[in-house]
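Have a look at the structure below before the remarks.
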Amino acid sequence: MERETVIVRQVNGEVIEEPVGLPRMAAYPNEGKTLAAWTLTWVVSIGGVVVAVGMALALIPLLIAGIAVIVLGIVASAILRRMGHGQPRSPMARQAQEDDETV
């Protein structure tokens with residue numbers, strides 16, 4: 001959710017007030033490159049390759065194994081995030097989410 005701010009600037013001697021939407025907080029410096037995110041990326045990618053090979057070779061057990069690897073990656077990433085290895089949640093981010101849910 002953005003907050004509205006007014007920027008005042010001067011163009012050709014005329015003062016202009018311009019409303020702009022600014023984010024509530026700055027982005028985190030890690031850009032989402034966390035252990036939980038990398039685990040999700042790599043495990044799901046490996047599972048996708050296994051699924052693709054299973055489909056190409058028409059091997060249902062390999063296809064099911066690939067799907068299981070993908071589900072395992074999603075669960076592992078969620079567990080890592082709960083353990084604190086994911087993107088941190090600041091008080092401002094939590095408040096913004098609560099504000100969005102009440103609207």
Side-chain angles (χ1 to χ4, degrees):
M1 186 89 193
E2 295 181 348
R3 60 187 170 98
E4 183 132 331
T5 303
V6 177
I7 292 180
V8 180
R9 62 189 180 120
Q10 191 170 7
V11 177
N12 295 332
E14 182 180 344
V15 176
I16 298 174
E17 292 185 4
E18 186 176 357
V20 295
L22 298 175
R24 291 179 182 251
M25 59 180 285
Y28 289 103
N30 64 12
E31 298 175 348
K33 297 174 185 163
T34 63
L35 179 61
W38 283 114
T39 300
L40 179 66
T41 300
W42 284 105
V43 175
V44 169
S45 296
I46 291 167
V49 169
V50 173
V51 166
V53 170
M55 289 180 71
L57 299 177
L59 296 173
I60 299 299
L62 195 58
L63 181 71
I64 293 171
I67 292 170
V69 169
I70 291 172
V71 171
L72 178 71
I74 293 169
V75 170
S77 178
I79 290 170
L80 284 169
R81 183 153 198 278
R82 292 274 181 178
M83 291 173 57
H85 296 289
Q87 188 79 0
R89 300 266 326 219
S90 71
M92 289 179 67
R94 277 185 240 130
Q95 182 63 40
Q97 183 180 13
E98 290 171 6
D99 291 347
D100 290 344
E101 290 173 355
T102 58
V103 173

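Just so we're clear, the structure is a prediction, and the values are computed from it rather than from any experiment. Numbers here are sequence positions counted from 1. Worth knowing before you read on, the calculation uses all heavy atoms, side chains too, and leaves out hydrogens, waters and symmetry mates.
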Which heavy atom of T39 sits nearest a heavy atom of A76, and at what distance? CG2-CB, 4.3 Å

Work out which heavy atom in L62 is nearest to a heavy atom in V53; give both atom names and the distance. CD2-CG1, 3.6 Å

Distance from [X] atom [atom1] to [Y] atom [atom2], nearest 0.5 Å?
| X | Y | atom1 | atom2 | value |
| --- | --- | --- | --- | --- |
| R9 | E17 | CZ | CD | 12.0 Å |
| I79 | H85 | CD1 | NE2 | 11.5 Å |
| T41 | I46 | OG1 | CD1 | 11.0 Å |
| R81 | L40 | CZ | CG | 11.5 Å |

Does [X] share a hydrophobic cluster with [Y], counting links as ILVMFWY side-chain heavy atoms below 4.5 Å and allowing steps through other members?
| X | Y | result |
| --- | --- | --- |
| I67 | I74 | yes |
| I60 | L57 | no |
| I70 | I64 | yes |

Partner set under side chain to side chain contact (heavy atoms under 4.5 Å, CB included) for E14, not counting sequence neighbours: none

For the residue pair V8 and I16, establish whether any side-chain heavy-atom pair is separated by less than 4.5 Å. no

Check: L63 and M55 side chains under 4.5 Å, non-hydrogen atoms: yes

Look only at the side chain of S77 and the backbone of A36, and say whether a donor-acceptor pair between them is shorter than 3.5 Å. yes

